[in-house]
Each structure stands twice: as structure tokens, then as C-alpha cells.
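Only this structure's heavy atoms are used, side chains among them; waters, hydrogens and symmetry mates stay out. Computed from a predicted structure; not experimentally measured.
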Number of protein chains: 2
Amino acid sequence: MDDRAGGESLLFLTDDQLRKGIEAMFFAYRGFTADPDRILAEKGYGRAHHRALHFINRSPGTTVNNLLNTLGVTKQSLNRVLRSLIEDGLVVSAIGTRDKRERHLTLTEEGRALEQALSNAQRARMRAAYKAAGPEAVLGFRAVLEAMMDADMRRQYRKLTETLGPGV
Amino acid sequence: MDDRAGGESLLFLTDDQLRKGIEAMFFAYRGFTADPDRILAEKGYGRAHHRALHFINRSPGTTVNNLLNTLGVTKQSLNRVLRSLIEDGLVVSAIGTRDKRERHLTLTEEGRALEQALSNAQRARMRAAYKAAGPEAVLGFRAVLEAMMDADMRRQYRKLTETLGPGV
DNA sequence: TGGTAATGTCAACAAGGCTGACGTATTCTG
DNA sequence: CAGAATACGTCAGCCTTGTTGACATTACCA
């Protein structure tokens, strides 16, 4: 099928191969967001709410500024989303004890419930994809994605995942 | 968290592993779109224009309906983008010869130039990621992404890529 | 000829980005 | 201690890109 026989090992860098990767990213990202999007639509929320819920759940007590850096949006944009989540009782914003200028964000029970519903749906798809592709593929998958990030995003990604267990 | 120490070949299906994949997708997609976004912003276009240019370039002479299915948006939404591209002389819309209701879309020289600039930028990043991760990883990368797509997206993806050369 | 399909377009709306400006605590620093 | 800097919130306005709904035109087809 391919000829790794000769000076072959660079075949994966052809434009065709790269374009396959580009189109795969495009179509896969749609699948990646499809299931949570359905749940969010029912509740009257959008992807931005999902992202906020995800990272607050991931780092309970995180500050607004931290979240801003992780999400890469303006404070005005985040604030709009955060305000509705707080009003709806999914997120609690607590004045910092050490530094009273800071607001520490945590999920309420209800917020955790929605976050769970969303991430269960997303994990289910991811699990199916992992299962279909196999453990070897998963390592490759994450290696390419990690290499595709901007340097500061990669730093954040590693920071978030470094505390996790074995298995890369 | 869990100790599948025994049947550990399923370690890659733990929630932690799945979450890593989810966060990797999130951060990587940002990198994936960052470079074209910069070019587009200069020209006063957005991602929607990029997507249209990409798939018209990919399938010259494609119809509006085809493009609609590929992009998964409403015709009103696509039309707005298409209209500006046509007005700016990047895309030509030709009435079908066989079926005069259809419009066949092709890029002009100028359209091709912009598409090239965009896809060069995107390919450069993809190339760097591929190179950093290696050929094995690339196969895994695409395997997982493909498994993550909705069935009809996967069909379209395969249709687009089936005509390409060797190397999976 | 009537039904259906492909396309374009108008209007209205919403989410979620953005910039700019301003206000208010609070903390840090010279 | 005064002033600068930081963290946050908010108002106003703008843009892109998605949505629905309605309607017109043209053309194919049974």
C-alpha cells in the first residue's frame, strides 16, 4: 500500500497526508462537540458555558483571571457567561481570603450535575473512539494534538494533566 | 482512582485518559485554527470563508447543495459568506449546464491564492506536529479522529480522501 | 400541467467573540 | 502614606456566524 521500503519514512509529510489531517480535525471536532451541544441547547446554554463549567470543575476555586487565561477570551465575554451561570445557581463566586480582589469560582451541586451530564456525553464518544482505534492509536492521537498546540496552550494542557495517573 | 492492574490493557479507557483526550482536542483545535485566523482577519474574512474556500478548492465545480451538506450550515448562512466571496471576485458561481437550477462554484485565481495562503499556514503547523510526533502517531491520530466523527461526516470524509494516494 | 427541487433573498434574532471606557476595591511599591 | 498596579465588574456598541420563517424564481420530471 505504501512504500516505506525506500526513503519512505517521510511519506506522512506529503501535502495529501497533511490535508487528510486537516479535514479529519474539521469533521472530528464537529462530532466532538455534537453531544454536549444537544444537552446545552435544551438548557439554553452554549459551548461557552460548557467550557466554563469544565474548567471550573477541573480546578475548583480557580480565579477569574486563571479561567480567562485558560479559555483565551476577554473578560467581558467570560463575564457574560459567568453571570448567567451564577444567576442560575450553577456556579458560586467567592471573594478571596488571601487577596480580596480575587473571586474564587466553584460549582454548586446543580452545576456539578450539568457538568457531569455534559462530560459523560463527551466521554462516551471519546471512549467509543478510543476503543475503536486502540491504545496505540490513542498515544499517537494525543502526541499529534499536543504538538499542534501553541506553546502556552501546551503549557496549560500539561499543567492540567500532569497530576493525573500513569499511561502517559 | 481505579485499579485495573490486572486487565490493564484498558487503562486507556479510564476517565482520566478520556479527559486528557477531551482537553487535548480543545487546546489543539485552537492551535489548528490560529494561523489561518490571523490571515483571515487581515483580509476581513472569518473562518466560515475559509471553510467555503477550502471545500470549493477541494471539489471545483461543486454545487451549493453539496457544499451545504459538507459544511453542515443553513443555506442562508452559507449564502452570506458565498455572496461576499463572489462580490470580492474570489469565487465564481456558474449556472449549471445539465441542470440550470444548480450553481457550480469554482475559485478564481485570486480565490486560489488566498486558499493557498490559508492552507499553507495550516499545513505548516500540521507538518510540524506530524514531524514532532512521528509516522506511527499520525496513523493513530487519524484513526481516533475518524472514529470520533458522526457516521455521515465519516462518510463525507472518506469520500473526500478516498481518491488520494497511498499511506492509509 | 402540477408537484417538487435547487437556489437566492429578505427580515429578525441570538450566541459569543471583540474593543473601549469607566468604576471600585484591594494590594503593592516607592 | 500616596500613587500605581491589579482583579474584577459593567455598560455600550460592533462583528461574524449561526438560526427560523417566509417567499420568489427557475427548472426538472412524472
Parallel under 30°, tilted from 30 to 60°, perpendicular over 60°: which one fits the rings of His50(B) and His54(B)?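 Taking His54(B) first and then His50(B), their aromatic rings stand perpendicular (interplane angle over 60°).
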
Return the orientation label for the Phe55(A) and Phe27(B) ring planes: parallel under 30°, perpendicular over 60°, tilted otherwise.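 The arrangement is tilted - the two ring planes meet at 30° to 60°.
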
Which of the following nucleotides, [options], is nearest to the side chain of [X]?
{"X": "Arg80(B)", "options": "dC8(D), dT17(D), dG16(C)", "answer": "dT17(D)"}
{"X": "Arg83(A)", "options": "dT10(D), dT20(D), dA6(C)", "answer": "dT10(D)"}
{"X": "Gln76(B)", "options": "dC18(C), dT9(C), dC8(D)", "answer": "dT9(C)"}
{"X": "Lys75(B)", "options": "dT9(C), dG17(C), dG9(D)", "answer": "dT9(C)"}
{"X": "Thr74(B)", "options": "dT19(D), dT7(C), dG18(D)", "answer": "dT19(D)"}

Just to be sure I understand the rule, does Arg47(A) reach a base, reach only the sugar-phosphate, or reach nothing, if contact means heavy atoms closer than 4.0 Å?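 Sugar-phosphate contact only.
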
Look up atom [atom1] in [X] and atom [atom2] in [Y], then write down how far apart they are to the nearest 0.5 Å.
{"X": "Asp16(B)", "Y": "Arg123(A)", "atom1": "CG", "atom2": "CZ", "answer": "9.5 Å"}
{"X": "Glu115(B)", "Y": "Leu90(B)", "atom1": "CD", "atom2": "CG", "answer": "11.0 Å"}
{"X": "Arg142(B)", "Y": "Glu23(A)", "atom1": "CZ", "atom2": "CD", "answer": "10.5 Å"}
{"X": "Asn57(A)", "Y": "Leu105(A)", "atom1": "CG", "atom2": "CG", "answer": "12.5 Å"}

What is the separation between atom [atom1] on [X] and atom [atom2] on [N], rounded to the nearest whole Å?
{"X": "Leu78(A)", "N": "dT10(D)", "atom1": "CG", "atom2": "C1'", "answer": "13 Å"}
{"X": "Leu68(B)", "N": "dT9(C)", "atom1": "CG", "atom2": "C1'", "answer": "14 Å"}
{"X": "Leu67(A)", "N": "dG9(D)", "atom1": "CG", "atom2": "C1'", "answer": "15 Å"}
{"X": "His50(A)", "N": "dA15(C)", "atom1": "NE2", "atom2": "P", "answer": "18 Å"}
{"X": "Asn66(B)", "N": "dA6(C)", "atom1": "CG", "atom2": "P", "answer": "10 Å"}
{"X": "Asn69(A)", "N": "dA7(D)", "atom1": "CG", "atom2": "P", "answer": "9 Å"}
{"X": "Arg30(B)", "N": "dG16(C)", "atom1": "CZ", "atom2": "C1'", "answer": "14 Å"}
{"X": "His49(A)", "N": "dA14(C)", "atom1": "NE2", "atom2": "P", "answer": "14 Å"}

Using only side-chain N and O atoms of [X], determine if any of them is under 4.0 Å from OP1 or OP2 of [N].
{"X": "Asn65(B)", "N": "dA5(C)", "result": "no"}
{"X": "Asn79(A)", "N": "dC8(D)", "result": "no"}
{"X": "Arg51(B)", "N": "dG18(D)", "result": "yes"}
{"X": "Ser77(B)", "N": "dT17(D)", "result": "no"}

Starting at the 5' end of DNA chain C and moving along, which residue's nearest nucleotide shows up first, Ile95(A) or Gly72(A)?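 So the residue in question is Gly72(A).
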
Specify the closest pair of heavy atoms between Ala129(A) and Ala147(B), including all atoms of both residues, with the distance to one decimal.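 Minimum heavy-atom separation between Ala129(A) and Ala147(B): CA-CB, 3.6 Å.
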
Does anything in residues 68-83 of chain B pair up under side chain to side chain donor-acceptor pair (under 3.5 Å), and if so which pairs, sequence neighbours excluded?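 Of all non-adjacent pairs touching residues 68-83 of chain B, those that pass side chain to side chain donor-acceptor pair (under 3.5 Å) are Thr70(B)-Gln156(B).
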
Pairwise N/O distances under 3.5 Å, protein to nucleotides 27-30 of chain C:
residue: dT27(C); atom: OP1; partner: Lys100(A); partner atom: N; Å: 3.0

